[in-house]
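A quick note: this is a predicted structure, and the numbers were derived from the prediction, not measured.
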Amino acid sequence: MAPCATAGAQMLAARPCVSASQSMLTSRAAVLRINLALGAGSFASCPRISCSRSLGSCVAVRAVSGEGSSSGLPIDLRGKRAFIAGVADDNGYGWAIAKALAAAGAEILVGTWVPALNIFETSLRRGKFDESRKLPDGSLMEIVKVYPLDAVYDSPEDVPEDVKTNKRYAGSSNWTVKEAAELVKKEYGSIDILVHSLANGPEVTKPLLETSRSGYLAAISASSYSFVSLLKHFLPIMNPGGASISLTYIASERTIPGYGGGMSSAKAALESDTKVLAFEAGRKGKIRVNTISAGPLGSRAAKAIGFIEKMIEYSYVNAPLQKELLADEVGNTAAFLVSPLASAITGSTVYVDNGLNTMGLAVDSPTVSSLL
């Protein structure tokens, strides 16, 4: 079973897999405020703190910057190279993360599910994605290389014969995780950032009690172990101080009826693995590992489950922040997490869901709303 790019709510159905798409609601372009001009002077908005030890007091003094000084704290990823697994169209979280990293100056490599590779590369080449490739400075995001990838398979020996002979894989080679990592090493030497934007649950529409063993294990394999495999094979070519992130969903810790097929278990495993991998990759390669728990976002894959629109509406009505969740907001968070600004953050699940994860009651419930 092949993984597809993660859906907005990671609500994924059976094949054919497609990359996550943006919200069905009209998406507004989030402005990624990134200042790439280093050496432009002191930060106008950063206070200087003066402390008196004898008095035990601190006084904040705002630094005064001269003309032409840079304002704001920059996310600077210039000179960094990112490999983003799970980009197959110009919508959804994987693409949004790629754009945010590119806007911060990173070089972008992507891994695309093999059956979607031809359509993606053709659309990219013909300029179909040019509008959504636009960065805050007006330039277009450049994807330096697109690699075929099926993260369900670690090495060629793991690929069953029926997949090898499948016409959807015809013409592609070196698409297992091990081969992809070796090819990136051969062509680019190393990377600094690894992004896992993959998930698939062939029986996601089935309640857990009706999920087969094979369906359950397929969800775990494509949606959580694939991250372990990616980090295992890419870690040797990651530069010390680098970072890796994945995408998870609140179903890992809360019951979401309809999100079945073992996908909730897969997300729980992914978050647990994030902690363990943070320790192991931190000690072994000085690599940080975090995961983003993103709120519901409409996508082709998510629509297949049948109620993503209702999940988006539920989130809008009940979250502390009553606004549409944009894919760009997840991309911006990812840019921060892989940047030096987050150098002490690892093993964390970071929620980007307008605060929905904090709610214990649905405020649109007739019982609750009468009290508000």
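Environment of NZ in K164: crowded, with over 12 heavy atoms of neighbouring residues, nucleotides or ligands closer than 6.0 Å. Around NZ of K145, the count of heavy atoms belonging to other residues, nucleotides or ligands within 6.0 Å exceeds 12. More than 12 heavy atoms of other shown residues, nucleotides or ligands fall within 6.0 angstrom of atom CD in Q322. Under a cut-off of 6.0 angstrom, the local environment of CD1 in I119 is sparse, with at most 12 non-hydrogen atoms contributed by other residues, nucleotides or ligands.
M238 is listed as a side-chain neighbour of L194, based on a closest heavy-atom distance under 4.5 Å. Counting heavy atoms from C-beta on, the side chains of D154 and T176 never come closer than 4.5 Å. Taking 4.5 Å as the limit, every side-chain heavy atom of V363 sits out of range of all side-chain heavy atoms of S365. L247 has its side chain out of reach of V195: every pair of non-hydrogen atoms, C-beta onward, lies at least 4.5 Å apart. By the 4.5 Å heavy-atom criterion applied to side chains, N166 and D162 are not counted as neighbours. Contact of the R168 side chain with the W113 side chain is registered, since non-hydrogen atoms from C-beta on lie closer than 4.5 Å. The side-chain heavy atoms of F227 and S244, taken from C-beta on, include a pair separated by under 4.5 Å. Residues T112 and L149 have side chains not in contact (no heavy-atom distance under 4.5 Å, counting atoms from C-beta outward).
To the nearest 0.5 Å, the span separating OH on Y314 from CG on L356 amounts to 6.0 Å. Taken to the nearest 0.5 Å, the CG atom of L337 stands 11.0 Å off from the CG atom of N332. Atom CD1 of I237 is separated from atom NZ of K186 by 13.5 Å, given to the nearest 0.5 angstrom. To the nearest 0.5 Å, atoms NZ (K284) and NZ (K232) are separated by 9.0 Å. Remark: S348 OG to K275 NZ distance equals 8.0 Å, nearest 0.5 Å. A distance of 11.5 Å separates CG of L198 from OG of S224, quoted to the nearest 0.5 Å.
Taking all atoms of both residues into account, the shortest heavy-atom contact from E329 to K323 is OE2-NZ, 2.6 Å. Residues R288 and S339 approach most closely at NH2-O, 3.2 Å, considering heavy atoms. Closest heavy-atom contact between S221 and V152: OG-CG1, 4.1 Å. Contact between L325 and P296 at its shortest, heavy atoms only, is CD2-O, 4.1 Å. Taking all atoms of both residues into account, the shortest heavy-atom contact from Y93 to A327 is CE2-CA, 3.7 Å. Minimum heavy-atom separation, H196 to A222: NE2-O, 4.4 Å.
A continuous path of Ile, Leu, Val, Met, Phe, Trp and Tyr side chains, each step under 4.5 Å between heavy atoms, connects L117 with I143, placing both in one hydrophobic cluster. No continuous path of ILVMFWY side-chain contacts below 4.5 Å connects L230 to I220, so the two sit in separate hydrophobic clusters. Criterion: ILVMFWY side-chain heavy atoms under 4.5 Å apart, direct or through other members. Under it, I256 and V317 are not part of a common hydrophobic cluster. L270 and L217 are assigned to two separate hydrophobic clusters, defined by single-linkage of ILVMFWY side chains at heavy-atom distances under 4.5 Å. Y249 and L208 are members of different hydrophobic clusters when ILVMFWY side chains are connected at heavy-atom separations under 4.5 Å.
When the ring pair (Phe, Tyr, Trp, His ring centres under 6.0 Å) test is applied to F129, the partners found at least two apart in sequence or on another chain are W95, F120.
Looking at V146, V87, I84, I97 one by one, the single match for side-chain contact (heavy atoms from CB on, under 4.5 Å) with I108 turns out to be I84. Here the options are N91, D90, D89, the test is side chain to side chain donor-acceptor pair (under 3.5 Å), and the partner is S132; only D90 passes. Just one of T291, N290, T349 meets the side chain to side chain donor-acceptor pair (under 3.5 Å) condition when paired with S246; it is T291.
Ring pair Y147/F83 is tilted by interplanar angle, where 30° to 60° counts as tilted.
E131 and K134 are joined by a salt bridge, as a carboxylate oxygen and a charged side-chain nitrogen come within less than 4.0 angstrom of each other.
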### Query
S155 and E179: side-chain hydrogen bond (donor to acceptor under 3.5 Å, both in side chains), yes or no, with the steps?
CA-CA 7 Å; S155 64; E179 291 173 303; over 6 Å; no
### Task
Applying side-chain contact (heavy atoms from CB on, under 4.5 Å), run through D273 and Y225 and close with a yes or a no.
CA-CA 9 Å; D273 290 344; Y225 186 77; over 6 Å; no
### side-chain contact (heavy atoms from CB on, under 4.5 Å) evaluation trace for Y188 with V144
CA-CA 11 Å; Y188 293 96; V144 178; 3.2 Å; yes
### Task
Evaluate the side-chain contact (heavy atoms from CB on, under 4.5 Å) criterion for residues V184 and L109: first the C-alpha distance (whole Å), next the side-chain angles of each, then the deciding distance (0.1 Å), finally the verdict.
CA-CA 9 Å; V184 171; L109 312 176; 4.1 Å; yes
#### Entry: Stepwise side-chain hydrogen bond (donor to acceptor under 3.5 Å, both in side chains) test for N354 and Y316
CA-CA 8 Å; N354 288 329; Y316 183 88; over 6 Å; no
### Task
I would like to know whether E271 and E253 meet side-chain contact (heavy atoms from CB on, under 4.5 Å); could you show each step before the answer?
CA-CA 10 Å; E271 292 180 22; E253 54 187 284; 4.0 Å; yes
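For residues 105-126, the pairs satisfying salt bridge (Lys or Arg N to Asp or Glu O under 4.0 Å) are R81-E107, with sequence neighbours left out.
The backbone N or O of A219 sits less than 3.5 Å from a side-chain atom of S223, completing a donor-acceptor pair. For T211 (side chain) and P207 (main-chain N/O), a donor-acceptor pair under 3.5 Å exists by modelled atom type.
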